[in-house]
Amino acid sequence: MSNAYNPNTIEKKWQKIWEQEKAFAATDDYSKPKYYALVEFPYPSGQGLHVGHPRPYTALDIVARKRRMEGYNVLFPMGWDAFGLPTENYAIKNKIHPRIVTENNVRHFKSQLQNLGYSFDWDREVNTTDPKYYHWTQWIFLKLFKAGLAYKTQMPINWCPSCKIGLANEEVVGGCCERCGAEVVRRMRTQWMLKITDYADKLLEGLNEVDYIERVKTQQRNWIGRSTGAEVDFAIAGTEDKLRVYTTRPDTLFGATYMVVSPEHPFIDKYAERITNLADVLEYRDQAAKKSDFERAEMAKEKTGVELKGLRAVNPLTGCEIPVWTSDYVLMSYGTGAIMAVPAHDERDWEFAKKFGLPIVEVVAGGNVEEAAFTDVESGIMVNSGFMNGMEVAEAKKAVTAYLEEKGLGTPKVNFKLRDWVFSRQRYWGEPIPIVECEKCGYVPLPEDELPLLLPEVESYEPTDSGESPLAAMTDWVNTTCPCCGGPAKRETDTMPQWAGSSWYFLRYTDPKNDKALASPEALKYWLPVDWYNGGMEHTTLHLLYSRFWHRFLYDEGVVPTKEPYQKRTSHGMILGENGEKMSKSRGNVVNPDDIVNEFGADTLRTYEMFIGAFDMAASWSTDGVRGCRKFLERVWKLQDMVSEEEGFTKALETRMHQTIKKVSQDYESLKFNTAIAALMSLLNEFYKAGSVSRGELKTFLLLLNPAAPHITEEMWELLGFGGRCYLQAWPKYEEAKTVEDTVELALQINGRMRGTVTVPRSASKEEVLAAGKAQLGERLAGVTIVKEIYVPGRIVNIVVK
RNA sequence: GCGGGUGUGGCGAAAUAGGCAGACGCAAGGGACUUAAAAUCCCUCGGUGGCGACACCGUGCCGGUUCGAGUCCGGCCACCCGCACCA
């Protein structure tokens, strides 16, 4: 009899052996076929690992382990995205240096991950807060700056008056500060920006070359928000000046009955003297400026606005004078900050026109524009539109665009929803921005040989009243000389956002200790692109987009060999609490993975998280479910006592073995880990039914289970004397011909209703099958007329009768 | 409002390409073993009716296509996740 299954002992044993054997180190032998599997590196928070972490980690660990068994040189690395606010806040509260906090958290995280037996190559560990790492983050920033893609500008930021701190958009929840709950206000500040908008088209096109799950592609496309239309100039009556608008519906130009400029539009100041109700207009502008973005969105329901009296525009096609209004539903940050309003065919314009009694002129027939705006572009026919009358919308669009261009009234134009990336944080715990400001030379980049620009030691990390970074108080550090003219200059005191370090970390893994470059060209050429990258859906329009941008930029600079960083991107679902709600301390439904490992073992936790449900969907935790997986592994363990002498597969299970190899192999590749485990459970039940298992069957079973439950399988491999290491064996192969049974059981139907089954040889002809089927149905067919006989090989026989 | 997703037993979920709905697991019930319990093993397990072989109903709702629909088409409903006045 075997000993009792004791996961705690055997898991520790094998984790140690793997470490000593450097079992999972990627080699620099570039002649072998490579596979780069990547999971998002965690932010090492004080709470430690969450049961959500192991879900994606186990999934790609399975892929990585399977690839090694298939003969690939596998890179499966791990590291730490360690700059960030929670660490800084903890440091402030407990008066410990954030570096120390980070070190402690990393140590804790690492030991937790090691307890789960992941096959990470720990020799390649990276940490974004390591100066040897952020050296290259800063280097990339300098490249961006030199390419004109980093610039400083005045921007409104989210300001928490209670915490006295500038917040990132992600830290604003429902218009309030994430931590203290105070209402966030807008405050102007100069900020570093990255011109991601220059890459909008490249980022869009790149999506056609990669194998991302569809919802990720869709979300990125929507976020980039490409739209095509035209810019059109409207003359300002009584001047030589023109007001330029952007529209996606130039075809409706005859229906433009008024114009609207954003409250921040320069025309208001420019024509201040002509505007007869200037006081009202300025009052409106002030009101709009005070509103936070959140308030502006909240008030979206009710349109507001003021007419710019004394200012009239001219519709370039009708020649009619039309009024000009200002309203905060027009945004300065999109298009030209001004629109032509076509109330008959735009819902917002319609609402606005109804409220202020402006004329509504129908130019596309098909709806009732007195009732609602008619926005359909598929079915409408142009009316009241001069030369476009009778055309369909698409045709009219082309015609009017050509006409406008010919007459010099407008040009085709593409716009994007994507905005430039706000790249400054007024915080201490981030990468210093390697720029100095010189009175004479302006913003001057640090010479590359002065990198890394180290984060200085400060007395206090507390943010200041002025909204400046704590670094601003470090006058010794701030005051420096200009690298350009040698005159007095000041260092930039804002730091980079957390998204900086994570935008290129996958490059560093390929050559993590290089001090001459972010990685050697050889290493990059061999390892890139990442073959499979899994990460959270919440990063789709943040980290994933940012890192694609940086990568594409580095490609354009000749630093990296591929246009796209990640060949394949998948996303896992969240693990919810036992009650189906998101796990959180306040809900009291948090499960600590350490407790699960201690009570049930790492293999059980891994197996359970794979079995819990479809990988890409949210799943609720169930401790009973964990127990079920432990029971499964106990039953696997006991196979030791059931092994027969037979080396190969037994006749009885041969087909089943080949089927299972096929099923598990495919499921591990296609995110169907739950059904892969189910297939193994099912096969195990067969072994129990048979009362014994051959050595060949058990070997195969252990190999198939090994990527999911590496410790128990390795231990059994050794105990049974199968030779060598389980993880070093070749992945099992199946023969397609042997996955099919000699006989098939067919469903028998009469008029599509189940009436039994019939078993026939696979080779039986249609006639033989139908004869056997009808014989089986016997009396049920007595006294009826057969209208039709349907036979789908391997599936069903359906007799249609009257 | 727009975009994406989901809806199947008491529960978590399966179901190539339209072909035996509920694999696998949990919970539950029954049995074996045990002085007893736990553990383990075996059996049952969508609903209704029937002693019964069996019949009828059943994949959010309504309709359609088909010999046959969880799957395809049309029209709804509910929930979840993004984005949100983007002209």
Considering only atom [atom1], compute the distance from [N] to [M] and round it to an integer number of Å.
| N | M | atom1 | value |
| --- | --- | --- | --- |
| G30(B) | C45(B) | P | 16 Å |
| G60(B) | U8(B) | P | 6 Å |
| A21(B) | C54(B) | P | 15 Å |
| U44(B) | C26(B) | P | 16 Å |
| G22(B) | G70(B) | C1' | 11 Å |
| A84(B) | U16(B) | C1' | 39 Å |
| G12(B) | A23(B) | C1' | 14 Å |

The complete set of side-chain hydrogen bond (donor to acceptor under 3.5 Å, both in side chains) pairs with one or both residues in residues 672-681 of chain A, sequence neighbours excluded, reads D667(A)-T675(A)
side-chain contact (heavy atoms from CB on, under 4.5 Å) filter on K766(A), not counting sequence neighbours, yields L770(A), Y791(A)
Quiz item: Yes or no on side chain to side chain donor-acceptor pair (under 3.5 Å) for H572(A) and D616(A), after CA distance, side-chain angles and deciding distance?
Solution: CA-CA 4 Å; H572(A) 54 275; D616(A) 55 350; over 6 Å; no
message = For the residue pair K303(A) and Y329(A), would you count it as a cation-pi contact if the rule is NZ or CZ under 6.0 angstrom from the ring centre and within 45 degrees of the ring axis?
response = yes
Six-ring centre of Y688(A), R635(A) cation under 6.0 angstrom, axis tolerance 45° = yes
Residue pair I750(A)/A338(A) against RNA chain B: nearer the 5' end by closest nucleotide is I750(A)
Of N222(A) and M340(A), the one whose nearest nucleotide on RNA chain B sits closer to the 5' end is N222(A)
Any donor-acceptor pair under 3.5 Å between the side chain of K417(A) and the base of C83(B)?
no
| task | Ignoring backbone atoms, test whether R755(A) places a side-chain nitrogen or oxygen under 4.0 Å from the OP1 or OP2 oxygen of C67(B). | result | no
Paired to C67(B) by Watson-Crick or G-U wobble criteria (both distances under 3.5 Å) is G19(B)
The Watson-Crick or G-U wobble partner of A55(B), with both key distances under 3.5 Å, is U48(B)
Ranking A14(B), U40(B), C67(B) by distance to the side chain of K788(A), first place goes to C67(B)
Expected label for G9(B) (glycosidic angle, syn inside 90° of 0, else anti) would be syn
A correct 5'-to-3' footprint of nucleotides 20-26 of chain B, with B, S and - meaning base, sugar-phosphate only and no protein heavy atom under 4.0 Å, is BS-BBSS
